[in-house]
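Notes follow the structure.
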Number of protein chains: 2
Amino acid sequence: MSKKVTIYDIAKKLNITAASVSRALNNNPRISESTRKLVLETAAKMNYKPNKVALALRNGKSNSVGVIVPRVNRNFFSNLIRGLEEELYPFGYQVIICQTYDEGKREIDNINALLDAHVGGIFLSISSNTANLDHLKRVINSNVPLIFLDRKADMQGVGSVTINDHEAGYISTQHLIDQGCRRIAHLGGDQRIEIYKDRFEGYKQALHDNNIEFDKKYFYQFNRNNSIDGGKEAVTKLLKLSSPPDAIFSASDFVALGAIQELQKRNVRIPEDFCVSGFSNEPFTKFMELSITSIDQFPIEMGKIAAKVFLEQIKGGHKKQNKVVLDPKLHIRKSTSKL
Amino acid sequence: MSKKVTIYDIAKKLNITAASVSRALNNNPRISESTRKLVLETAAKMNYKPNKVALALRNGKSNSVGVIVPRVNRNFFSNLIRGLEEELYPFGYQVIICQTYDEGKREIDNINALLDAHVGGIFLSISSNTANLDHLKRVINSNVPLIFLDRKADMQGVGSVTINDHEAGYISTQHLIDQGCRRIAHLGGDQRIEIYKDRFEGYKQALHDNNIEFDKKYFYQFNRNNSIDGGKEAVTKLLKLSSPPDAIFSASDFVALGAIQELQKRNVRIPEDFCVSGFSNEPFTKFMELSITSIDQFPIEMGKIAAKVFLEQIKGGHKKQNKVVLDPKLHIRKSTSKL
DNA sequence: TTGTAAGCGTTATCAT
DNA sequence: ATGATAACGCTTACAA
């Protein structure tokens with residue numbers, strides 16, 4: 001049942017005070033080299049571990065950070081987290097992972113919980129599709145560094161690491177055009193979320209640059225909760241059009257998958273008669289018999305950079321670049337390889 | 001910058017002491033109904049939030065629990081976590097997720113970090129393939145409830161929620177036999193981990209019960225880090241045998257996937273000439289063109305039950321059943337549907 | 001019923 | 001260079 005050993009225990013054994021022990025342990029210069037050595041040795045010998053909770057109370061900040069994502073069972077997010085952890089781990093940070101399941105209420109709850117826990121920083125991939133950002137202002141007001149991951153909101157002085165979603169939408173669409181597709185549909189997410197809006201804009205820009213008129217009948221908005229079914233539904237609707245599309249640029253791999261399944265069910269040949277590209281480079285896009293063209297967002301890299309932005313920020317003096325935008329990469333696979 | 005409001009602020013405003021406020025807030029009977037009401041009202045009005053760090057320091061326990069899994073980007077584990085969260089959320093528990101990436105050292109680090117953070121409980125899907133369980137004993141000695149999730153070790157008085165892996169191995173193998181397969185190979189995990197040993201045993205038992213002799217040439221051990229490649233390698237080796245197998249029971253979906261890819265590359269027809277079954281019911285097993293037969297472990301259910309075991313345990317008086325074993329279910333899909 | 005005060009483990013600010 | 005003490009926010013004997 002080994003009682004926890006505190007600095008008092010060390011102090012008692014050495015006939016000094018806890019203050020001295022604390023100083024010795026914290027590289028405080030106001031201590032003699034000899035006692036420091038002595039303290040360090042006995043601390044190790046007694047297997048002393050600082051009580052982080054006490055530390056957090058004292059300092060008003062803990063050595064943990066929170067990361068809030070819609071869900072962890074997406075390759076993108078789990079790798080984001082992995083990048084974060086790898087970078088933060090050496091600094092002794094504990095990463096608390098929270099999931100919102102894309103519910104705004106959960107996001108608020110999670111923010112509150114993290115603030116309650118006095119985390120040292122919060123990484124957020126925003127879910128709130130409402131305009132209300134009060135909970136985020138609360139983070140700022142609490143003086144807790146906030147960093148947006150991938151999905152961001154428009155807020156002053158908040159760091160962010162994102163990819164250029166406009167560019168991603170653009171190159172995906174351009175690729176489809178290069179394959180000879182002309183009637184390209186877009187399956188997009190909630191347009192109140194910036195990334196989805198940007199992907200849509202990039203798509204439209206590419207159409208425009210190729211003198212293809214955007215037809216709003218070719219836009220379908222899915223919701224994240226039933227992605228695969230969303231894709232199926234989209235295809236079902238799109239094929240009913242008098243002039244159905246010959247390609248789909250989906251802002252989600254899962255939606256793209258659903259679309260492909262529905263197309264195959266209807267014996268539409270992919271990619272010969274219909275091309276489909278996805279988004280996020282989920283592992284299955286590569287596994288599939290019919291591998292799916294998709295956008296790589298370099299999630300591990302993103303996580304690592306976000307961690308660095310955070311570390312920079314708490315080091316203070318951070319008038320440095322704290323809005324990082326990465327370039328997306330299109331992995332071209334069978335689902336769009338017509339030529 | 002809204003200063004945090006404490007019980008002292010409330011006390012001052014009401015001209016009472018912090019102790020009274022505390023009592024009012026905690027349903028302590030030693031307080032008059034009138035003051036309680038007053039305190040509750042002003043607390044709400046002042047937007048008082050208890051400082052959980054202070055609470056944790058005081059009580060030596062926090063309202064957070066930790067869950068340690070090999071990695072979150074596996075359907076099984078992320079759903080396990082989801083089940084945990086759903087059940088624990090209403091009780092105000094914060095779930096701290098840690099990943100070991102199947103490294104024993106990480107597991108120890110994570111345990112230490114969680115103990116440092118004074119979590120109220122730890123859910124562990126064990127990674128340590130060493131016999132050394134000192135870090136787990138430390139958990140017990142710290143009086144922190146420990147509950148094994150899926151992968152357990154043999155420890156006294158530790159709760160666990162698992163599936164019957166022996167049974168899972170058995171029914172998977174029996175199914176292959178029922179399909180007419182006779183030379184069934186098994187791709188298994190680290191045999192020092194109980195679940196993998198059990199699956200292997202179940203497999204052997206099924207063979208035995210069908211009068212098929214186990215041939216150890218048909219056993220291949222993969223390591224978790226390069227699962228898909230492991231499957232490919234296994235097939236490459238197995239097909240070189242003088243009498244190659246006609247089926248594979250894999251203890252991992254990813255390994256099964258690799259195996260299938262390699263088989264297809266070699267133009268082996270599945271399921272006609274070769275059946276493959278996997279384990280864990282990863283989403284892609286269903287998505288695939290050639291859907292993969294797999295074992296469902298009901299991870300959400302498992303997480304929920306684990307949460308309940310935990311809640312029961314901290315409620316005390318827990319001489320209740322704290323080792324729960326769930327029954328696995330085999331989803332039969334194309335990869336084994338010969339008949 | 002309410003107030004007083006000690007204590008959880010640590011560090012910062014005084015003194016000495 | 002070291003010691004004493006207050007403080008972080010909260011709970012709980014013990015007193016009143």
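Throughout, a chain's letter reflects where its sequence line sits, starting with A, and its residues are numbered from 1. This structure is a prediction, so every number in the text was calculated from the model and none was measured.
- Considering only the side chain of B:Ala54, D:dC10 comes nearest among D:dC10, D:dA4, C:dG3.
- For D:dT11, one of the phosphate oxygens OP1 or OP2 lies less than 4.0 angstrom from a side-chain nitrogen or oxygen of B:Ser22.
- Few gaps surround CG on A:Asp134; more than 12 heavy atoms of other groups in view lie less than 6.0 Å from it.
- Closest contact between the side chain of B:Arg30 and the listed nucleotides D:dC10, D:dA15, C:dG3 involves D:dA15.
- For B:Asn28, no side-chain nitrogen or oxygen approaches OP1 or OP2 of D:dT12 to under 4.0 Å.
- No contact: B:Asp9 has no heavy atom under 4.0 Å from any strand.
- Remark: B:Arg82 engages B:Glu86 in a salt bridge, criterion side-chain N to carboxylate O under 4.0 Å.
- Taking 4.0 angstrom as the limit, B:Thr6 places none of its side-chain polar atoms (N or O) nearer than this to OP1 or OP2 of D:dC8.
- Here B:Tyr8 does not reach the OP1 or OP2 of D:dA7: none of its side-chain N or O atoms lies under 4.0 Å away.
- At a threshold of 4.0 Å, the pair A:Arg106-A:Asp109 does not count as salt-bridged, since none of the basic side-chain nitrogens sits closer than that to a carboxylate oxygen.
- Between A:Phe123 and A:Ile147, some side-chain heavy-atom pair lies under the 4.5 Å cut-off.
- Between the A:Ser64 side chain and the A:Gln94 main chain, no donor and acceptor come within less than 3.5 Å of each other.
- Of the charged side-chain nitrogens involved, at least one lies within less than 4.0 Å of a carboxylate oxygen, so that B:Arg36 and B:Glu33 count as a salt-bridged pair.
- Summarising the geometry, the separation between CD on A:Glu33 and P on D:dA1 is reported as 10 Å, rounded to the nearest angstrom.
- In this structure, the NZ atom of B:Lys49 is 21 Å from the P atom of D:dC8, given to the nearest Å.
- Distance, A:Leu25 CG to D:dT2 C1': 16 Å, rounded to whole Å.
- Rounded to an integer number of Å, the gap from A:Asp116 CG to D:dG9 P is 14 Å.
- At whole-Å resolution of the value, CD1 in A:Ile10 and P in D:dG3 are 14 Å apart.
- Positionally, the nearest nucleotide of DNA chain D for A:Pro29 lies more toward the 5' end than for the other of A:Pro29 and B:Ala19.
- Regarding contacts with the backbone of D:dA1, every side-chain N or O of A:Ser20 stays at 4.0 angstrom or more from both OP1 and OP2.
- Ranking C:dT1, D:dA13, D:dG3 by closeness to the A:Ile16 side chain, first place goes to D:dG3.
- A salt bridge is absent between B:Lys13 and B:Asp9; no separation between the charged side-chain nitrogens and carboxylate oxygens falls under 4.0 Å.
- Contacts between residues 57-66 of chain A and DNA chain D, defined by a heavy-atom separation below 4.0 Å, involve A:Leu57, A:Arg58, listed by number.
- For B:Ser32, no side-chain nitrogen or oxygen approaches OP1 or OP2 of C:dT1 to under 4.0 Å.
- Comparing D:dC10, C:dT2, C:dT10 by their nearest atom to the side chain of A:Ile7 picks out C:dT10.
- Rounded to whole angstrom, the span from the CG atom of B:Leu38 across to the C1' atom of C:dT2 amounts to 14 Å.
- Rounded to whole Å, atom P of D:dT2 lies 10 Å from atom CZ of A:Arg36.
- The nearest whole Å value for the distance from the CG atom in B:Asn26 to the C1' atom in C:dT1 is 17 Å.
- Using a 4.5 Å cut-off on side-chain heavy atoms (C-beta onward), B:Glu85 and A:Tyr101 make contact.
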